[in-house]
Amino acid sequence: MGPSTVKSLSFYDTFTRRKVPFVPLDKSNIRLYVCGPTVYDYAHIGNARPVVVFDILYRLLKHWFPKVTYVRNITDVDDKINERSRKSGRSIKDITDETTKIFQSDMDALGALTPDVEPRATEHINQMIEMIENLMEKGHAYETKGHVLFNVPSMTDYGQLSGRNRDEQIAGARVDVAPYKNDPADFILWKPSGSDAPGWHSPWGFGRPGWHIECSAMSKMYLGETFDIHAGGIDLIFPHHENEIAQSRCAFGTCRMANLWMHNGYVTVEGEKMSKSAGNFYTVNGLLKDWPGETIRYALLSGHYRAPLNYSIKGLSDAQAALDRLYQAIRISEDNGHHNALPGVSVLDALADDLNTPLALSELHKLAGAVNKASDNEVRNKIRSELIESAKLLGLLDKKSEDWFRRGALKSNSPTSAEIEQLILSRDRAREIKDFKKADEIRDELESMGVTLEDSKNTTTWKMS
RNA sequence: GGCCCGGUAGCAGAGUGGUUAUGCAGAGGACUGCAAAUCCUUUUACGUCGGUUCGAUUCCGGCCCGGGCCUCCA
């Protein structure tokens, strides 16, 4: 082994369909945009995947560069929201405000850092209108019957991200072409609102924006006309990101919107794609009632972000077991001085190579094994610090290990800590007088309450099993 | 129809042209009053048929199987 060398960052770019070295536009400020949620319902585990995966990207970039600006939008104007409002009788603001709050606290529970900016679409209507006017002036958009549409044929190299030409997509279209479109591929920038939908005054009458324009307008506002990385779920490649590119590049006259496009794979349930429309989804909020957020996070990281991830309860319990092992390694030497440790090179390398989180996790386990095996205290503490610093990059192991193992608050029927400590004391007394029958009875009693004891040389610790 | 991904041991899941992934589960052992945790040893692999090669799970091609996208979608 030579001296430890850290690889440079490289990521798979959807646009060029290959792994490319990361070359910042501006080393002093890395600019990252990730498509955020449409706030009308609880986030499901599939919505959480890009949040967690690109949270690691954010952490990694922050480790590499002095400043990163991370923008994740909140889509709070959308026909699905309108429909939810109509059906529930609740106001749109009520729904979007509450859903946003739940989303933020759920993602927080998953250990995702808060983005630097979380712009809401409804607070950027003016920027969108401005951009649409710009597109019209340049001949890329037209108005018809209250709708403003982007004219796809006006952009000669449309379709590069998704790798399909215009004829192909028209030939394969599953949906009838709206009669007001000049070209079947054209898409909506602005549409009219009646009394039943939210709207804003615009040069084209009272209306609301189309789906794609918010990301173009808000990324421009916070990150500029061209920025480093644009990321999101794989299903956003077409049409969402393709159309964002069309809007931004045509409005600004740039040759690219983002330098690098990253997309995470789907989460499946029982091998099938999970989606709100299919109804087969697990919400993060629901999962948090049964599992620590860190476990849910670990499970999301156990597969490579571009590969499909099959979600299962088995996967969660595997993740929990894996975290138990990591926390156990930290636990055996809880209070030692910090060593100003740096993340392990192997962990950094794994993440630097297109966010290889499964490999990074395995390196964490190797470090944990090294901690367990270390005979020298000094060495053990050093590796332990390295483990903790490495895990930070993955947003893991940030709790006190005792808190991790005593996750009692999760289950309402669990005994209190005081009750457990009391029983342990009784058992200790029994053990002192070698009444092992009684000692074992007490342990069995605790076990039946979900508490596992661990005797060490001079003390007994416990954990929730 | 067009385009794009995969198929690795019991499960999950990396990776590599020849050398241990990793976690869980299984087997044996150490430690323990007994356990738990930990440590040691250990059993199951690379869809299929060809090609390139001294050598392929790893590269190339055919085939089989599975999945996704083609204007709701993370």
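Protein chains get the first letters and strands the later ones, always in sequence-line order, with residue 1 at the start of each. For clarity, every value in this text was computed on a predicted model and none was experimentally measured.
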Every protein N/O lying under 3.5 Å from an N/O of nucleotides 6-12 of chain B:
| unit_1 | atom_1 | unit_2 | atom_2 | d |
| --- | --- | --- | --- | --- |
| B:C11 | O2' | A:Lys314 | NZ | 3.4 |

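Between B:U22, B:C70, B:U38, one nucleotide has an atom nearer to the side chain of A:Gln328 than all others, and that is B:U38. Residue A:Ala185 places its side chain closer to B:U71 than to any other of B:G23, B:U22, B:U71. Comparing atom distances between the A:Arg427 side chain and each of B:A74, B:C34, B:C39 picks out B:C34 as nearest. When each of B:A14, B:A74, B:G23 is scored by its nearest atom to the side-chain atoms of A:Asn264, the top-ranked nucleotide is B:A74. When distances are taken from the side chain of A:Arg443 to each of B:A74, B:C34, B:C39, the shortest belongs to B:C34. With B:U71, B:A21, B:C4 as the candidates, the nucleotide lying closest to the side chain of A:Arg17 is B:C4.
Residue contacts shown for A:Leu236 are limited to sugar-phosphate atoms, with no base heavy atom under 4.0 Å away. Note on A:Lys463: only backbone sugar-phosphate atoms sit closer than 4.0 angstrom, heavy atoms only; bases stay farther off. As judged by a 4.0 angstrom heavy-atom cut-off over every strand, A:Arg72 is placed among residues making no nucleic acid contact. Among the protein residues, A:Asp79 comes within range of no part of the nucleic acid, since none of its heavy atoms lies under 4.0 Å from any strand. Heavy atoms of A:His304 sit under 4.0 angstrom from primed sugar atoms or phosphate atoms, though from no base atom.
The 5' end of RNA chain B is approached more closely, in terms of each residue's nearest nucleotide, by A:Ala307 than by the other of A:Ala307 and A:Lys373. Taking for each of A:Glu454 and A:Asp440 the nucleotide of RNA chain B with the nearest heavy atom, the 5'-most of the two is the partner of A:Asp440.
The same atom, C1', is picked in B:A21 and in B:G13; the two are 10 Å apart, to the nearest Å. Comparing the P positions of B:C46 and B:U58 gives an interatomic distance of 11 Å, to the nearest angstrom. Remark: the separation of the P atoms in B:G1 and B:U57 is 33 Å, to the nearest Å. Between B:A36 and B:A30, the distance separating the two P atoms is 14 Å to the nearest Å. On the C1' atoms, B:U8 is 6 Å away from B:A45, given to the nearest whole Å. To the nearest whole angstrom, the two P atoms, one in B:A74 and one in B:A27, are 45 Å apart. Nucleotides B:A56 and B:G50, compared at atom C1', are 13 Å apart to the nearest Å. Here, B:U20 and B:C40 have their C1' atoms 15 Å apart, quoted to the whole Å.
Between A:Asp55 and A:Arg59 there is a salt bridge, since at least one side-chain N of the basic residue sits less than 4.0 Å from a carboxylate O of the acidic one.
A stem is defined here as three or more consecutive Watson-Crick or G-U pairs, each with both distances under 3.5 Å; for RNA chain B these stems are B:1-7 with B:64-70, B:10-12 with B:22-24, B:26-30 with B:38-42, B:47-51 with B:59-63.
For the pair A:Arg18 and A:Tyr12, the cation does not sit on the ring face, since its NZ or CZ is not both under 6.0 Å from the ring centre and inside 45° of the axis. A cation-pi arrangement is absent between A:Arg431 and A:Phe436, since the terminal nitrogen or guanidinium carbon is not both under 6.0 Å from the aromatic centre and inside a 45° cone about the axis.
Taking atom CG of residue A:Asn356 and atom P of nucleotide B:U22, one finds them 15 Å apart after rounding to whole Å. Summarising the geometry, the separation between CD1 on A:Ile81 and C1' on B:C73 is reported as 14 Å, rounded to the nearest angstrom. The separation between A:Glu441 atom CD and B:C34 atom P is 18 Å, rounded to whole Å. The nearest whole Å value for the distance from the CD atom in A:Glu83 to the P atom in B:C72 is 13 Å. B:A14 atom P lies 12 Å from atom CG of A:Asp354, rounded to whole Å. In this structure, A:Asp235 places its CG atom 14 Å from C1' of B:C4, rounding to the nearest Å. Regarding A:Ile237, its CD1 atom lies at a distance of 9 Å from the C1' atom of B:C4, rounded to whole Å. With rounding to whole Å, A:Trp261 atom CH2 is found 16 Å from B:A74 atom P.
Side chains of A:Pro192 and A:His147 form a contact here, defined as non-hydrogen atoms less than 4.5 Å apart. Considering only heavy atoms from C-beta on, A:Asn310 stays 4.5 Å or farther from A:Pro308 through its side chain.
At a cut-off of 3.5 Å, with distance as the only test, no side-chain donor of A:Asn356 or A:Asp353 sits close to an acceptor on the other residue. A donor atom on one side chain and an acceptor atom on the other are not found under 3.5 Å apart for A:Asp116 and A:Tyr222.
In this structure, A:Gln160 and A:Asp157 approach most closely via the heavy-atom pair CG-O, 3.3 Å.
One finds a side-chain N or O of A:Trp211 lying less than 4.0 angstrom from the OP1 or OP2 phosphate oxygen of B:C73. Neither OP1 nor OP2 of B:A74 sits under 4.0 Å from any side-chain N or O of A:Arg49. Within the structure, a side-chain polar atom (N or O) of A:Asn47 is placed less than 4.0 Å from OP1 or OP2 of B:A74. At the phosphate of B:C73, neither OP1 nor OP2 sits under 4.0 Å from any side-chain N or O atom of A:Tyr266.
Between A:His263 and A:His241, the angle of the ring planes lies from 30° to 60°, which puts this pair in the tilted group. Ring pair A:His212/A:Phe187 is perpendicular by interplanar angle, where above 60° counts as perpendicular and below 30° as parallel.
When each of A:Lys80, A:Lys87, A:Arg86 is paired with A:Glu83, the salt bridge (charged side-chain N to carboxylate O under 4.0 Å, His left out) condition holds for A:Lys87 and for no other.
In terms of modelled atom types and a separation under 3.5 Å, the side chain of A:Tyr58 and the main chain of A:Ala112 share no donor-acceptor contact.
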